[in-house]
Amino acid sequence: MGQFQTRNQTAATEAETAEAGEAPVVVQRSSASLTFRRLARDPASVIAFAFIIALVAFAVGAPLVEAWTGHGPIEQYRETALSPVGLPVGPNAEFLLGGDQLGRDVLVRIAYGARVSLLVGVLASLLAATIGVTVGMLAGYFGGWVDVVLGRLMDLVMSVPFLLCALALVSVFGPSLPLSVSVIVFFSWTTIGRVIRAETTSLARREFVQASRSLGAGHGYILLRDILPNLALTIIIYTTMLIPNAIVFEATLSYLGMGIVPPTPSWGGMLAEAGANSIYLVAWWLVVFPGLALLASTLAFNILGDGLRDALDPSARGRAVLRKKKKTKG
């Protein structure tokens, strides 16, 4: 009955519009427009997106923060940032987020540390996604011995201990930014690779792929023109999810002394320096502000990734809601 009533109301509205001499306006929206409209309906995703934009602006404008405060990221201000007994001063008018144990401005170092975190997070995620998508598509499309070899390769990478491998590489090459990115990529690509393999295996059996084969299309054409566009949703979602993991990986490496070389500021390095000699017991801001920056960044990217998943694939969210309702009734 509800459907008939809705149809009758729609027909009546169209009839009234026709009598008034006005043609009904049909607005055709693109998939991108529909995605943004769905994303805008989620307040958490909007807040997370706004925070990420602000974080990017904060990182890009780090030199402006330096010029505004008059403090460099590695310059030491022992007379003003340290107390007479040698302890760091807390947040005040000159040092908005306080100073550290060497007399450096915490606010400026967090701004430059945001550059490192975003650079490592985005770069490592893009590289990991590229490798994972390539390996996953090859394994899922060709199957057979190709799938066996690449599948065992992914299992091998996932079985390697993260810290043990990082320690071995650092002991040989020394800590550096390229090494941090390489380690993060090495341990991240398998996550998206396994998902893409499963999706490609399913797509390779679809009718449109079989039709392309029957028309004489080559493997490269099918992979790039038929299968890859249908994986765009999965690639976007999982690449967004990889960014917070890469940021946490970089902070972990820097915290353990295997990442960015001091005195270059990084959030993990700032936390490590605060933990040295237990200076955080008398200077809480050395842990709170870098820790909050790290927590808020990873949380924002995770929330945005969830929002993109729901916006790009609303049917999945509907199925999840139905399953939740069934469990509640049961």
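All figures in this text were calculated on a predicted structure; none of them were measured in a lab. Keep in mind that the numbers below use all heavy atoms, side chains included, and drop hydrogens, waters and symmetry copies.
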- request: Begin from the C-alpha positions of F249 and L242 and carry the test side chain to side chain contact (heavy atoms under 4.5 Å, CB included) through to its verdict.
  value: CA-CA 10 Å; F249 274 165; L242 285 176; over 6 Å; no

Check whether more than 12 heavy atoms from other residues, nucleotides or ligands sit under 6.0 Å from atom [atom1] of [X], and answer yes or no.
| X | atom1 | answer |
| --- | --- | --- |
| F51 | CZ | yes |
| F186 | CZ | yes |
| L96 | CG | yes |
| F173 | CZ | no |
| Y255 | OH | no |

Measuring from atom [atom1] of [X] to atom [atom2] of [Y], what distance do you get when rounded to the nearest 0.5 angstrom?
| X | Y | atom1 | atom2 | value |
| --- | --- | --- | --- | --- |
| W285 | L107 | CH2 | CG | 14.5 Å |
| M270 | I110 | CE | CD1 | 4.5 Å |
| L102 | E75 | CG | CD | 13.5 Å |
| I237 | L304 | CD1 | CG | 11.0 Å |
| T69 | L64 | OG1 | CG | 10.5 Å |
| L123 | E250 | CG | CD | 12.0 Å |

Is a side-chain N or O of [X] found less than 3.5 angstrom from the main chain of [Y], in a donor-acceptor match?
| X | Y | result |
| --- | --- | --- |
| S188 | V185 | no |
| S117 | A114 | no |
| T200 | R197 | no |

For the residue pair [X] and [Y], establish whether any side-chain heavy-atom pair is separated by less than 4.5 Å.
| X | Y | result |
| --- | --- | --- |
| L177 | L119 | yes |
| L153 | V149 | no |
| F208 | D226 | yes |
| L271 | V287 | yes |
| I222 | R213 | yes |
| Q101 | V282 | no |

field: Worked check of side chain to side chain contact (heavy atoms under 4.5 Å, CB included) between Y141 and V146
entry: CA-CA 9 Å; Y141 177 77; V146 177; over 6 Å; no

Check for me, please, whether [X] and [Y] land in the same ILVMFWY cluster - side-chain distances under 4.5 Å, paths through other members count.
| X | Y | value |
| --- | --- | --- |
| L127 | V160 | yes |
| F49 | V46 | no |
| L299 | I243 | no |
| W189 | L169 | yes |
| F142 | I196 | yes |

If you look at every heavy atom in [X] and [Y], which pair is closest and at what distance?
| X | Y | result |
| --- | --- | --- |
| G307 | S45 | CA-OG, 3.2 Å |
| P244 | F301 | CD-CB, 3.6 Å |
| Y280 | G275 | CD2-CA, 3.9 Å |
| P265 | Y112 | CG-CB, 3.5 Å |
| P63 | R115 | CD-NH2, 3.3 Å |
| M241 | D306 | CE-OD1, 3.0 Å |

- request: Starting from the C-alpha separation in whole Å, work towards a yes-or-no answer on side chain to side chain contact (heavy atoms under 4.5 Å, CB included) for M154 and V157.
  value: CA-CA 5 Å; M154 287 188 278; V157 172; 5.9 Å; no

message: For the aromatic rings, using the six-membered ring if either is Trp, is the centroid distance between F289 and W284 under 6.0 Å?
response: yes

task: Let me see the working for L223 and L228 under side chain to side chain contact (heavy atoms under 4.5 Å, CB included), right down to the final yes or no.
output: CA-CA 6 Å; L223 286 171; L228 184 60; over 6 Å; no

